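Read the structure below first, then the notes.
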Amino acid sequence: MDYVAIEKKWKEIWAKEKVGQYDENKPDKFYMLEMFSYPSGANLHLGHWYNFALSDSFARYKKMCGYNVFEPMGFDAFGLPAENYAIKTGIHPQTSTDKNIEIMEKQLREMGAIFDWDHEVVTCRPEYYKWTQWLFLQLYKKGLAYRKEAPVNWCPSCQTVLANEQATDGVCERCGSAVVKKNLTQWFFKITDYAEELLDGLDGLKWPEKTKLMQKNWIGKSVGGEVEFILSTGDKVKVFTTRADTLYGVTYIVLAPEHPLVDKITTQKQRKAVDDYISEVNKSSEIDRLSTAKEKTGVFTGAFAVNPINGKTVEVWIGDYVLYSYGTGAVMGVPAHDARDFDFAKKYGLDIIRVIKGKEGVNDELPFVEYGIMVDSGTQSGLTSDEGKLAVIKVLEKQGKGELKTNYRLRDWLISRQRYWGAPIPVVYCEHCGIVPVPEEQLPVKLPFDVNFTPDGTSPLLKHEGYMNTECPICHGKAKRDPDTLDTFVCSSWYYLRYTDNKDDKMPFSREKADKLCPVDMYVGGAEHACMHLLYARFITKALRDMGYIDFDEPFTALTHQGMILGADGQKMSKRNSSESPDELIHTYGSDALRTYLGFGFKYIEGGPWNKDGIKAISKWFDRVQRLVDDAVSAEDTEEKAFTSAENELNCVLNNTIKCVLEDYEIFSFNTAVARMMELVNALYRYDREGMNGKLFRESVRSLILLLAPLAPHICEEFWHNLGFDGYLVEQRMPTYDSAALVKPEVEIALQINSKIRGKLTVDSSFTKEELEKHVAECEQVVALLDGKQIKKIIAIPGRLVNLIVG
RNA sequence: GCCGAUGUGGCGGAAUAGGCAGACGCAAGGGACUUAAAAUCCCUCGAUGGCAACAUCGUGCCGGUUCGAGUCCGGCCAUCGGCACCA
């Protein structure tokens, strides 16, 4: 059969008739979303097919369950690769991106999916990024966007800012020189305001547990207390601790080298040592800083601090293992009960005082980092760590020297990128008025086309005078634009909303449409976005809810990660080992065969190494299905009569197939769904066509085609019409099964003697446990096997086995 | 280092709730049809021993619970993913 021609025919008809599209006038919406893709060079690869085609199969399945499915498609079109390509080739990012989108879109349209192209979004088009800028302004108004100094990766040789992925291992991807940190004033979104809610909301989501756990760890909630130490200089230093029960064991405190008090409290005598240490820290490269194996270092400031719980005076040090960005940027040193503090104290000869002991007989070596019983801890001695943690803070709270405190590891979201190919940040800097947001009616702030990409220490926008120099919207005086663009994750944090109302030029989306279609009912995409895109989209959704633009608080109620298709060598696909192009396969076998093979050959959520051998087998299997369709067309009607045992058998397989396939689609288990359909095909071949029951046969083939339709939409459409049915398959309903047909009169069960399989037994399937026991004890076959031995015990599991314990 | 996942034939992968391990395929081998090939159809296909019926072993390794363990428990090993001084 010429599958390629058949596919072409149906694709054209579907496109013309807009078959399978969402109807906004009907109820029972199902928002199916695949993570949109970056329009990278050239053609769709197997990974795209695996993600999009099989997600579409799921969407088609849902459609055939009666849902009003909305499955939009678009492009995440801003980003670094296009800009790097421009630097290398001189081809403008807009030119290459538009071209790539054209190619990808054409291929995606040829996939034969029910993607809703009328709702397409492309993030790099002004009609989209206008609203990305609008989003920024709303967050700014709400106090969720602010500016502060933050380091960027800087390559001194290329004179350019590098993204993290361009600076792996602290080395410039381009020239190999060591990357340094450089401070720039940049924009942040206050995602930390939502830390607690982002954590809480995870419980209600139907997401993979692994992904939820990753987000949980990323948010990193830790509950403890802040304790205030008064310094010899009169200054106060707060430290954060989760182990206030160890406070009596403090023998020093350590500030981060960047801590603002360091300069002030350092004594004359220690000045040089401290300055030297700080300049050493600043010089050390990212590689050294990142190494946890590195020995902890520090230096004494000359200052002292008073421990508020016992009045003891301890030394104040600085050390680069203390992070200025977490907690208060200062920690208390309890070497007896913390591994890092222990190493530090050993190295610098600081006191080690034990204040927690283990329960009787527990490992007693220092550092003892587990919970235990407080000792030498004044009035708190004898408390458990759990009790003590709270008791100590409560005592301090009364004296105004401490309080309960929760910290999160989550940092605010840095959204400034020193790049060209992104949405411009809609803010100007006026000499008189300061930071001035661009008024909404002036959006979009358009990205200029004529820029110079040569990396020479200045970002392309900064070099563009016409862009940079503007007028202040308030005083109409001279003003400068922000030379940076927004992180592309900002663009992708709200695209699912724009899909619902992509042509609106008055608002980013209508509240009515968004509330009706959202949240997304099933989101499919790679697991690599667990702590980035998926977290950002959740944050933006909650912020928009709080600003009154939408009525729900989670963007994606259910999530599935597709696995990754690896090269035949089991390694990640790269240009080198991706010998297989989907295009060739489609031209030879058709897209249905490719899609079905991708479904059959892998466990969807795991993926695995590519092997091209299987697709041919799928194509042959389609031929087998086609012969059944031909036979069904010519099958004669027979008079109604009771099923023969062969027909009962076939009917049982049919109903079992329907049951299993529907359950399998529901959980993206395409491989087992196809296996069950193959079993049905095998059963139909086994069934003797001489004097066959034409009605049953045709009904079986009809069900098979309906079940297969999500995975092989084109050829099934052809089969459907060959069978004489009208309408489009995607508008049909999945078959239902009859549970009565699943019950066979007899079942074969295993016969075990002393837990070893000794034979098979065919018994009445309705037997209860007791009936089965009785039957077995009297059964001739069993008596023969027993060889005169006494049965001590019978374990009977109806439908499974009987196990005779004999002695 | 910490957290998580995974480990089953030559290969991709099945196995509900602890109950016949290897469904469904691929590859391989044998046969039928054919002048021949392709296509199609049938058979074999975890290992070892045996002519055979059958027996023994077998789900990364070691141990445990149980009448019974791929599945549960304890301890290892390997691979992959995430975090990486978070006080």
Side-chain angles (χ1 to χ4, degrees), chain A residues 208-218 220-222 224 239-244 246 253-254 256 289-296 319-323 325-334 337-341 343-344 369 407-411 527-528 530-531 561 564 566 568 570 572 597 600-603 605-618 620-621 623-624 627 660 663 669 671-682 685 748-761 792-806:
Chain A
E209 289 304 318
K210 188 179 72 176
T211 309
K212 291 204 265 186
L213 189 66
M214 268 201 245
Q215 282 207 358
K216 190 179 162 209
N217 293 338
W218 186 264
K221 180 178 182 173
S222 75
V239 303
F240 174 71
T241 178
T242 53
R243 290 296 303 275
T246 66
I253 67 174
V254 192
R289 274 261 198 153
L290 281 174
S291 163
T292 45
K294 195 191 73 165
E295 207 177 326
K296 318 225 172 318
D320 70 348
Y321 77 97
V322 178
L323 306 174
S325 54
Y326 182 76
T328 60
V331 302
M332 59 190 213
V334 189
H337 305 295
D338 180 280
R340 285 164 313 193
D341 296 349
D343 293 344
F344 193 80
V369 299
N407 270 326
Y408 300 89
R409 200 186 184 106
L410 182 69
R411 303 294 148 84
E528 66 275 17
C531 300
H561 296 305
M564 207 187 296
L566 305 171
K572 250 185 194 169
Y597 173 58
F600 181 60
F602 307 84
K603 188 172 183 164
I605 56 168
E606 282 175 11
W610 171 254
N611 177 333
K612 65 177 189 301
D613 292 339
I615 189 165
K616 208 189 311 168
I618 293 293
K620 283 185 191 174
W621 182 65
D623 291 341
R624 246 165 105 74
R627 273 173 252 134
C660 293
E663 286 167 1
S669 187
N671 56 345
T672 49
V674 175
R676 295 295 87 77
M677 289 188 268
M678 286 175 167
E679 280 168 358
L680 176 58
V681 169
N682 291 346
Y685 269 84
E748 192 184 59
I749 62 167
L751 173 61
Q752 296 187 338
I753 293 177
N754 286 341
S755 306
K756 295 226 176 224
I757 306 258
R758 282 292 178 269
K760 304 273 164 95
L761 218 50
K792 283 193 195 157
K793 189 179 172 187
I794 300 179
I795 293 137
I797 312 291
R800 297 277 183 190
L801 54 69
V802 284
N803 186 5
L804 310 177
I805 308 305
V806 304

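A, B, ... follow the sequence lines: proteins, then strands. Residue 1 opens every chain. Since the model is a prediction, treat every value here as computed from it, not as a measurement.
Using a 4.0 Å heavy-atom cutoff across all strands shown, A:Glu528 reaches no nucleic acid atom at all. Residue contacts for A:Ile805: at a heavy-atom cut-off of 4.0 Å it reaches the sugar-phosphate backbone alone, with no base atom in range. A:Ile757 comes within 4.0 angstrom of sugar-phosphate atoms only, judged by non-hydrogen atoms across all strands, and of no base. Among the atoms of the strands shown, base atoms are found under 4.0 Å from some heavy atom of A:Val322. Within 4.0 Å (heavy atoms only), A:Asn682 reaches sugar-phosphate atoms of the nucleic acid but no base atom. Residue contacts for A:Glu209: at a heavy-atom cut-off of 4.0 Å it reaches no nucleic acid atom on any strand shown. Across all strands, A:Tyr408 comes closer than 4.0 Å to no nucleic acid atom at all (heavy-atom distances). Note on A:Gly607: only backbone sugar-phosphate atoms sit closer than 4.0 angstrom, heavy atoms only; bases stay farther off.
Comparing B:rG25, B:rC85, B:rG4 against the side chain of A:Leu213 picks out B:rG4 as the nearest. Residue A:Leu801 has its side chain nearest to B:rC20 when only B:rA14, B:rC20, B:rU6 are considered. Taking only side-chain atoms of A:Phe600, from C-beta outward, the nucleotide of B:rA87, B:rA39, B:rG25 with the closest atom is B:rG25. When distances run from any side-chain atom of A:Arg627 to the nucleotides B:rC41, B:rC24, B:rC67, the shortest one goes to B:rC41. Residue A:Asn803 places its side chain closer to B:rG19 than to any other of B:rA87, B:rG19, B:rC83. Checking B:rG19, B:rG25, B:rA23 against every side-chain atom of A:Arg676, the shortest atom distance belongs to B:rA23. Across B:rC86, B:rA14, B:rG19, the shortest atom-to-atom separation from the side chain of A:Thr672 is found for B:rA14. In this structure, the nucleotide among B:rG82, B:rU6, B:rC20 sitting nearest to the side chain of A:Glu606 is B:rU6. Taking only side-chain atoms of A:Ser222, from C-beta outward, the nucleotide of B:rC86, B:rA87, B:rA39 with the closest atom is B:rA87.
B:rG10: glycosidic angle beyond 90° from 0, hence anti.
Using a 4.5 Å heavy-atom cutoff, the side chains of A:Val681 and A:Arg627 are not in contact. Using a 4.5 Å cut-off on side-chain heavy atoms (C-beta onward), A:Phe602 and A:Asn671 make no contact. Looking only at side-chain heavy atoms (C-beta outward), A:Tyr597 and A:Asn611 come within less than 4.5 Å of each other. Between A:Leu751 and A:Leu804 there is a side-chain heavy-atom pair separated by less than 4.5 Å.
Under a cutoff of 6.0 Å and an axis angle of 45°, A:Arg340 and A:Tyr321 do not form a cation-pi pair.
Comparing A:Ile797 and A:Thr328 against RNA chain B, the residue whose closest nucleotide sits nearer the 5' end is A:Ile797. The residue among A:Lys760 and A:Tyr326 whose nearest nucleotide of RNA chain B lies closer to the 5′ end is A:Lys760.
At least one donor-acceptor pair under 3.5 Å links the side chain of A:Asn803 to the backbone N or O of A:Ser755.
A:Asn611 places its CG atom 9 Å from the P atom of B:rA27, with the value rounded to the nearest Å. In this structure, the CG atom of A:Asn217 is 16 Å from the C1' atom of B:rC85, given to the nearest Å. One can place NZ of A:Lys612 at 17 Å from C1' of B:rG25, the figure rounded to the nearest angstrom. Rounded to whole angstrom, the span from the CG atom of A:Leu804 across to the P atom of B:rC20 amounts to 16 Å. In this entry the distance linking NZ of A:Lys210 with P of B:rA5 reads 9 Å, nearest Å. As rounded to whole Å, 14 Å separates atom C1' of B:rG1 from atom CG of A:Asp338. The separation between A:Glu679 atom CD and B:rA23 atom P is 10 Å, rounded to whole Å. If you take CH2 of A:Trp621 and P of B:rG12, they are 22 Å apart, rounded to a whole angstrom.
The two residues A:Thr241 and A:Met332 make their nearest non-hydrogen contact at OG1-CE, 3.5 Å. Looking at every heavy atom in both residues, A:Ile749 comes nearest to A:Gly799 through CG2-C, 3.7 Å. Pairing each heavy atom of A:Arg243 with each of A:Val369, the nearest pair is NH1-O, 3.1 Å. Nearest heavy-atom pair across A:Tyr326 and A:Asn407 is OH-CB, 3.6 Å.
As rounded to the nearest Å, B:rA23 and B:rU8 have C1' atoms that lie 13 Å from one another.
Put simply, the side chain of A:Arg243 and the base of B:rA87 share no donor and acceptor less than 3.5 Å apart. A:Asp613 contributes no side-chain N or O that forms a donor-acceptor pair with the base of B:rC26 under 3.5 Å. A:Lys296 contributes a side-chain N or O that forms a donor-acceptor pair with the base of B:rC85 under 3.5 Å.
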Checklist line | Intra- and interstrand pairs of RNA chain B - dot-bracket, Watson-Crick/G-U under 3.5 Å, | marks other strand | finding: (((((((..(((......[....))).(((((.......))))).((((....))))..(((((..]....))))))))))))....

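The phosphate of B:rC57 has OP1 or OP2 within less than 4.0 Å of a side-chain N or O from A:Lys756. Taking side-chain N and O atoms only, A:Ser755 has no distance below 4.0 Å to OP1 or OP2 of B:rU66. Remark: A:Asn671 is in phosphate contact with B:rA14, judged by side-chain N or O atoms under 4.0 Å from OP1 or OP2. Contact between the side-chain N/O atoms of A:Asn754 and the OP1/OP2 oxygens of B:rG68 is not found at any separation under 4.0 Å. The phosphate of B:rA55 (OP1 or OP2) has a side-chain N or O of A:Arg758 nearer than 4.0 angstrom. Put simply, A:Arg624 has a side-chain N or O that comes within less than 4.0 Å of OP1 or OP2 on B:rC41.
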